[in-house]
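Keep in mind that the numbers below use all heavy atoms, side chains included, and drop hydrogens, waters and symmetry copies.
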Amino acid sequence: MPSSDAPTPLQRFLREMPKVEIHCHLLGTVRKATFAQLAARENAPLTSEEIEAFYTRGEKPVGVLRVLRALDSFLVKSPDDLHRITYEYLADAAAHGVHYSEFFWNPTGTARDSAIPYPQALAGIVRAIKDAEHDFKIIGKLIPAIDREAPASEAVYMVKEVIASKSEEVVGIGIDYRENDRPPELFADAYALARNAGLKTTAHAGEFGMPWYNVQTAVELLKVDRIDHGYTIIDNPQFAKVCADRGIVFTVVPTNSYYLRTLTPERWALDHPIRQMPAMGLRIHPNTDDPTLHHVTPTRAWEMMVLDFGFSLNDLRSFMVNGLDGAWIDNSTRQNWQQEWLLKFDSLRAQLNLN
(Lines give C-alpha, C1' and ligand atoms only; values in the text may rest on other atoms or scores of the structure.)
Protein backbone atom coordinates (compact mmCIF):
# COMPACT_ATOMS: atom_id res chain seq x y z
CA MET A 1 0.00 0.00 0.00
CA PRO A 2 1.32 3.48 -0.76
CA SER A 3 3.25 4.94 2.18
CA SER A 4 1.39 8.25 2.28
CA ASP A 5 -1.14 8.60 5.08
CA ALA A 6 -3.59 10.23 2.69
CA PRO A 7 -5.61 7.60 0.77
CA THR A 8 -5.54 7.68 -3.00
CA PRO A 9 -8.78 8.26 -4.93
CA LEU A 10 -8.84 4.55 -5.75
CA GLN A 11 -8.46 3.61 -2.08
CA ARG A 12 -11.25 5.98 -1.07
CA PHE A 13 -13.49 4.51 -3.74
CA LEU A 14 -12.75 0.92 -2.74
CA ARG A 15 -13.20 1.62 0.96
CA GLU A 16 -16.59 3.23 0.42
CA MET A 17 -17.99 0.76 -2.09
CA PRO A 18 -20.44 -1.66 -0.45
CA LYS A 19 -19.14 -5.20 -0.27
CA VAL A 20 -19.55 -8.62 1.20
CA GLU A 21 -16.81 -10.71 2.77
CA ILE A 22 -17.41 -14.45 2.37
CA HIS A 23 -13.96 -15.94 2.96
CA CYS A 24 -12.43 -14.90 6.27
CA HIS A 25 -11.23 -16.96 9.24
CA LEU A 26 -12.15 -15.62 12.66
CA LEU A 27 -8.86 -16.54 14.32
CA GLY A 28 -7.01 -14.94 11.41
CA THR A 29 -8.57 -11.58 12.24
CA VAL A 30 -7.16 -11.16 15.76
CA ARG A 31 -5.58 -7.77 16.28
CA LYS A 32 -1.92 -7.90 17.29
CA ALA A 33 -2.63 -5.94 20.47
CA THR A 34 -5.42 -8.34 21.40
CA PHE A 35 -3.16 -11.34 20.79
CA ALA A 36 -0.47 -9.83 23.02
CA GLN A 37 -2.96 -9.03 25.77
CA LEU A 38 -4.42 -12.53 25.74
CA ALA A 39 -0.92 -14.02 25.79
CA ALA A 40 0.06 -11.89 28.78
CA ARG A 41 -3.15 -12.76 30.62
CA GLU A 42 -2.60 -16.48 30.14
CA ASN A 43 1.16 -16.41 30.72
CA ALA A 44 1.32 -18.25 27.41
CA PRO A 45 4.62 -19.94 26.45
CA LEU A 46 5.15 -17.39 23.69
CA THR A 47 7.95 -14.87 23.67
CA SER A 48 7.47 -11.33 22.45
CA GLU A 49 9.73 -12.25 19.53
CA GLU A 50 7.46 -15.15 18.61
CA ILE A 51 4.37 -12.95 18.75
CA GLU A 52 6.12 -10.37 16.60
CA ALA A 53 7.03 -13.11 14.12
CA PHE A 54 3.39 -14.22 13.96
CA TYR A 55 2.47 -10.77 12.68
CA THR A 56 5.47 -10.32 10.38
CA ARG A 57 4.84 -10.94 6.72
CA GLY A 58 8.03 -10.96 4.70
CA GLU A 59 8.68 -11.46 1.02
CA LYS A 60 8.16 -15.21 1.38
CA PRO A 61 5.44 -15.55 4.04
CA VAL A 62 5.37 -18.87 5.83
CA GLY A 63 1.62 -19.00 6.34
CA VAL A 64 -0.62 -18.54 9.34
CA LEU A 65 -1.69 -21.99 10.50
CA ARG A 66 0.71 -21.94 13.46
CA VAL A 67 -0.90 -18.73 14.71
CA LEU A 68 -4.40 -20.19 14.52
CA ARG A 69 -3.29 -23.26 16.46
CA ALA A 70 -1.59 -21.08 19.08
CA LEU A 71 -4.81 -19.17 19.68
CA ASP A 72 -6.76 -22.36 20.34
CA SER A 73 -3.99 -23.91 22.40
CA PHE A 74 -2.97 -21.02 24.62
CA LEU A 75 -5.09 -17.91 24.40
CA VAL A 76 -8.82 -18.39 23.82
CA LYS A 77 -10.22 -19.56 27.14
CA SER A 78 -13.84 -18.41 27.35
CA PRO A 79 -16.87 -17.41 25.29
CA ASP A 80 -16.04 -13.81 26.21
CA ASP A 81 -12.72 -14.15 24.36
CA LEU A 82 -14.59 -15.30 21.26
CA HIS A 83 -16.99 -12.40 21.69
CA ARG A 84 -14.10 -9.93 21.80
CA ILE A 85 -12.38 -11.38 18.74
CA THR A 86 -15.61 -11.52 16.73
CA TYR A 87 -16.71 -8.03 17.70
CA GLU A 88 -13.32 -6.54 16.82
CA TYR A 89 -13.26 -8.31 13.45
CA LEU A 90 -16.72 -7.09 12.49
CA ALA A 91 -15.86 -3.55 13.60
CA ASP A 92 -12.72 -3.60 11.45
CA ALA A 93 -14.59 -5.03 8.45
CA ALA A 94 -17.40 -2.49 8.73
CA ALA A 95 -14.83 0.32 8.66
CA HIS A 96 -13.89 -0.87 5.17
CA GLY A 97 -17.37 -0.90 3.68
CA VAL A 98 -18.24 -4.53 4.44
CA HIS A 99 -21.99 -4.67 5.02
CA TYR A 100 -22.28 -8.44 5.25
CA SER A 101 -19.75 -11.05 6.34
CA GLU A 102 -19.78 -14.84 6.44
CA PHE A 103 -16.76 -15.90 8.44
CA PHE A 104 -15.23 -19.24 9.34
CA TRP A 105 -14.64 -20.61 12.81
CA ASN A 106 -13.21 -24.02 13.73
CA PRO A 107 -15.29 -25.52 16.57
CA THR A 108 -13.18 -28.70 16.77
CA GLY A 109 -10.04 -26.82 17.82
CA THR A 110 -11.97 -24.62 20.21
CA ALA A 111 -13.55 -27.61 21.96
CA ARG A 112 -10.41 -29.75 21.94
CA ASP A 113 -7.74 -27.19 22.78
CA SER A 114 -9.60 -24.25 24.33
CA ALA A 115 -12.00 -26.57 26.19
CA ILE A 116 -15.04 -24.48 25.26
CA PRO A 117 -17.99 -26.70 24.21
CA TYR A 118 -19.74 -25.80 20.97
CA PRO A 119 -22.96 -24.36 22.47
CA GLN A 120 -21.10 -22.00 24.81
CA ALA A 121 -18.62 -20.93 22.14
CA LEU A 122 -21.43 -20.35 19.67
CA ALA A 123 -23.28 -18.20 22.21
CA GLY A 124 -20.25 -15.92 22.64
CA ILE A 125 -19.84 -15.46 18.89
CA VAL A 126 -23.54 -14.89 18.28
CA ARG A 127 -23.66 -12.27 21.02
CA ALA A 128 -20.83 -10.42 19.29
CA ILE A 129 -22.58 -10.65 15.92
CA LYS A 130 -25.65 -9.00 17.41
CA ASP A 131 -23.61 -6.36 19.22
CA ALA A 132 -21.67 -5.51 16.05
CA GLU A 133 -24.85 -5.25 13.98
CA HIS A 134 -26.25 -2.80 16.51
CA ASP A 135 -23.05 -0.75 16.77
CA PHE A 136 -21.70 -0.87 13.21
CA LYS A 137 -24.66 -1.89 11.00
CA ILE A 138 -22.78 -4.92 9.70
CA ILE A 139 -24.54 -8.27 9.36
CA GLY A 140 -22.41 -11.22 10.43
CA LYS A 141 -23.04 -14.89 9.74
CA LEU A 142 -21.02 -17.85 10.95
CA ILE A 143 -19.62 -20.83 9.04
CA PRO A 144 -18.38 -23.60 11.34
CA ALA A 145 -15.45 -25.19 9.52
CA ILE A 146 -14.27 -28.78 9.57
CA ASP A 147 -10.69 -29.22 10.74
CA ARG A 148 -9.42 -31.36 7.87
CA GLU A 149 -6.27 -32.27 9.82
CA ALA A 150 -8.46 -34.08 12.38
CA PRO A 151 -10.09 -37.50 11.76
CA ALA A 152 -13.14 -37.53 9.50
CA SER A 153 -15.21 -38.83 12.42
CA GLU A 154 -14.65 -35.51 14.20
CA ALA A 155 -16.08 -33.71 11.18
CA VAL A 156 -19.28 -35.75 11.44
CA TYR A 157 -19.44 -35.06 15.17
CA MET A 158 -19.00 -31.34 14.58
CA VAL A 159 -21.79 -31.21 12.01
CA LYS A 160 -24.09 -33.04 14.41
CA GLU A 161 -23.34 -30.40 17.04
CA VAL A 162 -24.11 -27.64 14.56
CA ILE A 163 -27.44 -29.25 13.75
CA ALA A 164 -28.28 -29.82 17.42
CA SER A 165 -27.55 -26.19 18.36
CA LYS A 166 -29.44 -24.58 15.52
CA SER A 167 -28.90 -20.84 15.15
CA GLU A 168 -30.01 -18.38 12.49
CA GLU A 169 -26.52 -16.91 12.58
CA VAL A 170 -25.07 -20.23 11.35
CA VAL A 171 -25.66 -20.48 7.61
CA GLY A 172 -23.53 -23.41 6.51
CA ILE A 173 -20.31 -25.35 6.95
CA GLY A 174 -16.86 -25.21 5.40
CA ILE A 175 -13.55 -27.00 5.67
CA ASP A 176 -10.12 -25.53 6.22
CA TYR A 177 -6.55 -26.10 7.42
CA ARG A 178 -3.93 -27.89 5.39
CA GLU A 179 -5.25 -29.62 2.29
CA ASN A 180 -2.13 -31.73 1.71
CA ASP A 181 -2.96 -35.44 2.06
CA ARG A 182 -6.46 -34.54 3.28
CA PRO A 183 -8.59 -34.61 0.09
CA PRO A 184 -12.26 -33.62 0.13
CA GLU A 185 -13.60 -37.15 -0.27
CA LEU A 186 -12.54 -37.99 3.29
CA PHE A 187 -15.33 -35.75 4.53
CA ALA A 188 -18.18 -36.82 2.27
CA ASP A 189 -20.28 -38.13 5.17
CA ALA A 190 -20.06 -34.85 7.08
CA TYR A 191 -21.06 -32.86 4.00
CA ALA A 192 -23.99 -35.14 3.23
CA LEU A 193 -25.20 -34.75 6.81
CA ALA A 194 -24.98 -30.96 6.55
CA ARG A 195 -26.79 -30.81 3.21
CA ASN A 196 -29.56 -33.05 4.47
CA ALA A 197 -30.03 -30.68 7.40
CA GLY A 198 -30.47 -27.73 5.02
CA LEU A 199 -27.07 -26.14 5.62
CA LYS A 200 -25.16 -24.48 2.81
CA THR A 201 -21.69 -25.81 2.05
CA THR A 202 -18.33 -24.60 0.81
CA ALA A 203 -14.83 -26.07 0.83
CA HIS A 204 -11.22 -24.98 0.60
CA ALA A 205 -9.88 -26.85 -2.43
CA GLY A 206 -7.11 -26.36 -4.94
CA GLU A 207 -5.11 -24.38 -2.38
CA PHE A 208 -1.43 -24.96 -1.52
CA GLY A 209 -0.90 -26.13 -5.12
CA MET A 210 -3.09 -29.16 -4.51
CA PRO A 211 -4.47 -30.77 -7.71
CA TRP A 212 -7.45 -29.52 -9.68
CA TYR A 213 -9.36 -32.71 -9.05
CA ASN A 214 -9.77 -31.71 -5.41
CA VAL A 215 -11.96 -28.90 -6.74
CA GLN A 216 -13.86 -31.40 -8.88
CA THR A 217 -14.41 -33.67 -5.89
CA ALA A 218 -15.69 -30.78 -3.80
CA VAL A 219 -18.13 -29.81 -6.54
CA GLU A 220 -19.31 -33.22 -7.67
CA LEU A 221 -19.04 -35.39 -4.55
CA LEU A 222 -19.46 -32.92 -1.71
CA LYS A 223 -21.87 -30.86 -3.85
CA VAL A 224 -20.68 -27.56 -2.44
CA ASP A 225 -22.44 -24.29 -3.17
CA ARG A 226 -19.17 -22.42 -3.72
CA ILE A 227 -15.40 -22.97 -3.67
CA ASP A 228 -12.79 -21.27 -1.49
CA HIS A 229 -9.53 -20.63 -3.39
CA GLY A 230 -9.80 -23.24 -6.17
CA TYR A 231 -6.77 -21.90 -8.03
CA THR A 232 -5.53 -25.12 -9.59
CA ILE A 233 -8.74 -25.45 -11.57
CA ILE A 234 -6.92 -23.51 -14.28
CA ASP A 235 -4.94 -26.71 -14.91
CA ASN A 236 -8.08 -28.32 -16.34
CA PRO A 237 -9.86 -25.94 -18.72
CA GLN A 238 -12.55 -28.53 -19.43
CA PHE A 239 -13.69 -28.73 -15.83
CA ALA A 240 -13.20 -24.99 -15.43
CA LYS A 241 -15.81 -24.59 -18.16
CA VAL A 242 -18.17 -26.86 -16.22
CA CYS A 243 -17.82 -24.60 -13.17
CA ALA A 244 -18.19 -21.49 -15.30
CA ASP A 245 -21.36 -22.82 -16.89
CA ARG A 246 -22.78 -23.61 -13.46
CA GLY A 247 -21.95 -20.11 -12.20
CA ILE A 248 -20.02 -21.39 -9.20
CA VAL A 249 -18.45 -18.54 -7.23
CA PHE A 250 -14.79 -18.88 -6.23
CA THR A 251 -13.75 -16.88 -3.16
CA VAL A 252 -10.17 -15.93 -3.98
CA VAL A 253 -7.50 -14.35 -1.79
CA PRO A 254 -5.00 -11.93 -3.37
CA THR A 255 -2.61 -12.36 -0.41
CA ASN A 256 -2.60 -16.17 -0.49
CA SER A 257 0.75 -17.25 0.94
CA TYR A 258 1.40 -20.20 -1.37
CA TYR A 259 1.86 -18.16 -4.53
CA LEU A 260 3.83 -15.45 -2.77
CA ARG A 261 6.25 -18.19 -1.71
CA THR A 262 6.42 -20.15 -4.96
CA LEU A 263 6.32 -17.47 -7.67
CA THR A 264 9.12 -14.97 -8.18
CA PRO A 265 8.31 -11.33 -7.35
CA GLU A 266 8.60 -10.27 -10.99
CA ARG A 267 6.23 -13.02 -12.17
CA TRP A 268 3.90 -13.31 -9.16
CA ALA A 269 1.07 -11.10 -10.36
CA LEU A 270 1.50 -12.13 -13.99
CA ASP A 271 1.33 -15.88 -13.38
CA HIS A 272 -1.08 -15.96 -10.46
CA PRO A 273 -4.23 -18.02 -11.13
CA ILE A 274 -6.44 -15.14 -9.96
CA ARG A 275 -5.40 -13.22 -13.07
CA GLN A 276 -6.35 -16.15 -15.29
CA MET A 277 -9.61 -17.34 -13.74
CA PRO A 278 -12.03 -14.69 -15.09
CA ALA A 279 -10.63 -15.17 -18.59
CA MET A 280 -11.80 -18.79 -18.30
CA GLY A 281 -15.30 -17.63 -17.46
CA LEU A 282 -14.97 -18.34 -13.74
CA ARG A 283 -16.81 -16.12 -11.28
CA ILE A 284 -14.43 -14.84 -8.61
CA HIS A 285 -14.77 -12.62 -5.56
CA PRO A 286 -11.79 -11.19 -3.59
CA ASN A 287 -11.53 -11.66 0.18
CA THR A 288 -9.07 -11.13 3.03
CA ASP A 289 -8.83 -14.72 4.41
CA ASP A 290 -6.69 -13.88 7.50
CA PRO A 291 -6.59 -10.08 7.41
CA THR A 292 -4.41 -9.16 10.40
CA LEU A 293 -1.96 -11.96 9.66
CA HIS A 294 -1.87 -11.21 5.93
CA HIS A 295 -1.51 -7.47 6.59
CA VAL A 296 -4.55 -6.81 4.43
CA THR A 297 -7.91 -5.09 4.72
CA PRO A 298 -10.97 -5.49 2.51
CA THR A 299 -10.00 -2.22 0.84
CA ARG A 300 -6.49 -3.48 0.16
CA ALA A 301 -7.70 -6.85 -1.16
CA TRP A 302 -9.81 -5.07 -3.76
CA GLU A 303 -7.00 -2.63 -4.51
CA MET A 304 -4.69 -5.55 -5.29
CA MET A 305 -7.18 -6.78 -7.87
CA VAL A 306 -6.57 -3.54 -9.75
CA LEU A 307 -2.92 -2.72 -9.09
CA ASP A 308 -1.47 -6.24 -9.08
CA PHE A 309 -3.78 -8.25 -11.31
CA GLY A 310 -4.82 -5.52 -13.73
CA PHE A 311 -8.58 -5.75 -13.42
CA SER A 312 -10.71 -2.76 -14.42
CA LEU A 313 -13.41 -1.05 -12.39
CA ASN A 314 -15.95 -2.77 -14.61
CA ASP A 315 -14.39 -6.07 -13.56
CA LEU A 316 -14.69 -5.05 -9.91
CA ARG A 317 -18.35 -4.23 -10.49
CA SER A 318 -18.92 -7.77 -11.71
CA PHE A 319 -16.91 -9.21 -8.80
CA MET A 320 -19.18 -7.31 -6.40
CA VAL A 321 -22.19 -8.98 -8.03
CA ASN A 322 -20.42 -12.35 -7.79
CA GLY A 323 -20.06 -11.82 -4.05
CA LEU A 324 -23.76 -11.14 -3.67
CA ASP A 325 -24.62 -14.20 -5.74
CA GLY A 326 -22.21 -16.34 -3.73
CA ALA A 327 -23.46 -15.08 -0.35
CA TRP A 328 -25.97 -17.22 1.53
CA ILE A 329 -28.75 -14.67 1.69
CA ASP A 330 -32.36 -14.83 0.56
CA ASN A 331 -33.15 -13.84 -3.00
CA SER A 332 -35.16 -10.77 -2.01
CA THR A 333 -32.23 -9.38 -0.02
CA ARG A 334 -29.86 -10.26 -2.84
CA GLN A 335 -31.94 -8.41 -5.42
CA ASN A 336 -32.40 -5.34 -3.22
CA TRP A 337 -28.73 -5.14 -2.35
CA GLN A 338 -27.64 -5.64 -5.93
CA GLN A 339 -29.79 -2.77 -7.09
CA GLU A 340 -28.67 -0.49 -4.25
CA TRP A 341 -25.01 -1.44 -4.38
CA LEU A 342 -24.66 -1.07 -8.12
CA LEU A 343 -26.16 2.42 -7.90
CA LYS A 344 -23.74 3.25 -5.08
CA PHE A 345 -20.79 1.82 -7.01
CA ASP A 346 -21.64 3.84 -10.10
CA SER A 347 -22.22 7.00 -8.07
CA LEU A 348 -18.88 6.66 -6.27
CA ARG A 349 -17.07 6.04 -9.52
CA ALA A 350 -18.62 9.14 -11.08
CA GLN A 351 -17.79 11.32 -8.07
CA LEU A 352 -14.19 10.22 -7.94
CA ASN A 353 -13.71 10.53 -11.70
CA LEU A 354 -12.20 7.05 -12.04
CA ASN A 355 -12.24 5.20 -15.33
Side-chain angles (χ1 to χ4, degrees), residues 19-20 22-23 102 143 148 172-176 179-180 182-188 191-192 194-195 200-256 258-259 262-263 267-287 289 301-302 304-306 308-329 331 334-335 338 342:
K19 56 185 77 69
V20 301
I22 53 178
H23 182 160
E102 295 170 4
I143 305 175
R148 73 195 315 156
I173 68 158
I175 185 169
D176 57 19
E179 187 181 353
N180 309 59
R182 305 298 290 168
E185 56 265 31
L186 295 177
F187 306 94
Y191 272 82
R195 288 199 316 275
K200 293 289 190 177
T201 58
T202 186
H204 283 50
E207 191 187 7
F208 303 113
M210 291 297 99
W212 65 268
Y213 48 76
N214 278 4
V215 180
Q216 183 181 44
T217 301
V219 170
E220 296 187 344
L221 178 64
L222 303 189
K223 302 185 187 304
V224 296
D225 297 289
R226 64 179 186 241
I227 289 287
D228 302 310
H229 297 292
Y231 310 118
T232 53
I233 196 173
I234 67 171
D235 296 334
N236 189 317
Q238 184 176 358
F239 186 67
K241 185 177 186 306
V242 171
C243 292
D245 291 344
R246 294 184 187 178
I248 295 172
V249 173
F250 288 71
T251 66
V252 298
V253 176
T255 52
N256 176 262
Y258 175 78
Y259 292 101
T262 58
L263 296 175
R267 296 297 310 179
W268 169 77
L270 297 173
D271 296 339
H272 200 294
I274 286 177
R275 179 184 283 268
Q276 304 174 54
M277 292 168 81
M280 302 177 79
L282 296 168
R283 304 187 70 190
I284 68 171
H285 178 264
N287 298 269
D289 200 5
W302 284 80
M304 291 177 71
M305 300 298 282
V306 177
D308 292 308
F309 300 126
F311 292 113
S312 68
L313 294 189
N314 285 336
D315 292 325
L316 299 195
R317 195 177 190 270
S318 69
F319 299 160
M320 183 177 71
V321 173
N322 293 345
L324 286 169
D325 286 345
W328 296 334
I329 53 181
N331 285 331
R334 191 186 333 274
Q335 291 168 6
Q338 179 169 322
L342 287 175

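- Listed by first then second residue, pairs satisfying side chain to side chain donor-acceptor pair (under 3.5 Å) with a partner in residues 212-221 read E179-N214, not counting sequence neighbours.
- Looking only at distances, no side-chain donor or acceptor of N322 sits under 3.5 Å from a matching main-chain atom of V249.
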So R283 and V321, side-chain contact (heavy atoms from CB on, under 4.5 Å) or not? Walk me through it.
-> CA-CA 10 Å; R283 304 187 70 190; V321 173; 4.2 Å; yes
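- Side-chain N or O atoms of D176 include none that pairs as donor or acceptor with a backbone N or O of G174 at under 3.5 Å.
- Within the 4.5 Å cutoff, the side chain of I274 has no heavy atoms near those of the F250 side chain.
- Counting all heavy atoms, side chain and backbone alike, G230 lies closest to V215 at CA-CG2, 3.9 Å.
- Considering all non-hydrogen atoms of both residues, T201 and A194 come closest at CG2-CB, 4.3 Å.
- Nearest heavy-atom pair across H285 and V20 is CE1-O, 3.1 Å.
- Ion pairing between a basic and an acidic side chain is recognised when a charged N comes within 4.0 Å of a carboxylate O; E102 and R226 show such pairing.
- At least one side-chain heavy atom of M277 sits less than 4.5 Å from a side-chain heavy atom of I234.
- Classified by interplanar angle (parallel below 30°, tilted 30° to 60°, perpendicular above 60°), the ring pair H272/Y259 is tilted.
- Partners of K241 according to the salt bridge (charged side-chain N to carboxylate O under 4.0 Å, His left out) rule, which considers only residues two or more places apart in sequence or in another chain, are D245.
- When all heavy atoms of R195 and L221 are compared, the pair lying nearest together is NH1-O, 4.1 Å.
- Between the side chain of Q276 and the backbone N or O of D271 there is at least one donor-acceptor pair closer than 3.5 Å.
- Taken from CH2 in W328 to CG in D225, the straight-line distance is 6.0 Å, to the nearest 0.5 Å.
- For the pair N287 (side chain) and D289 (backbone), a donor-acceptor distance under 3.5 Å is absent.
- Contact of the P184 side chain with the Y191 side chain is not registered, since no non-hydrogen atoms from C-beta on lie closer than 4.5 Å.
- Looking at R275, its side chain does come within 3.5 Å of a backbone N or O of D308 through a donor-acceptor pair.
- Considering only heavy atoms from C-beta on, V219 comes within 4.5 Å of R246 through its side chain.
- Contact between Q338 and D325 at its shortest, heavy atoms only, is OE1-OD1, 4.2 Å.
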I would like to know whether Y258 and Y231 meet side-chain contact (heavy atoms from CB on, under 4.5 Å); could you show each step before the answer?
-> CA-CA 11 Å; Y258 175 78; Y231 310 118; over 6 Å; no
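- Checked against a 6.0 Å centroid threshold, the rings of H229 and H23 count as neighbours.
- The heavy-atom pair separating L342 from M320 by the smallest distance is CD2-CE, 3.6 Å.
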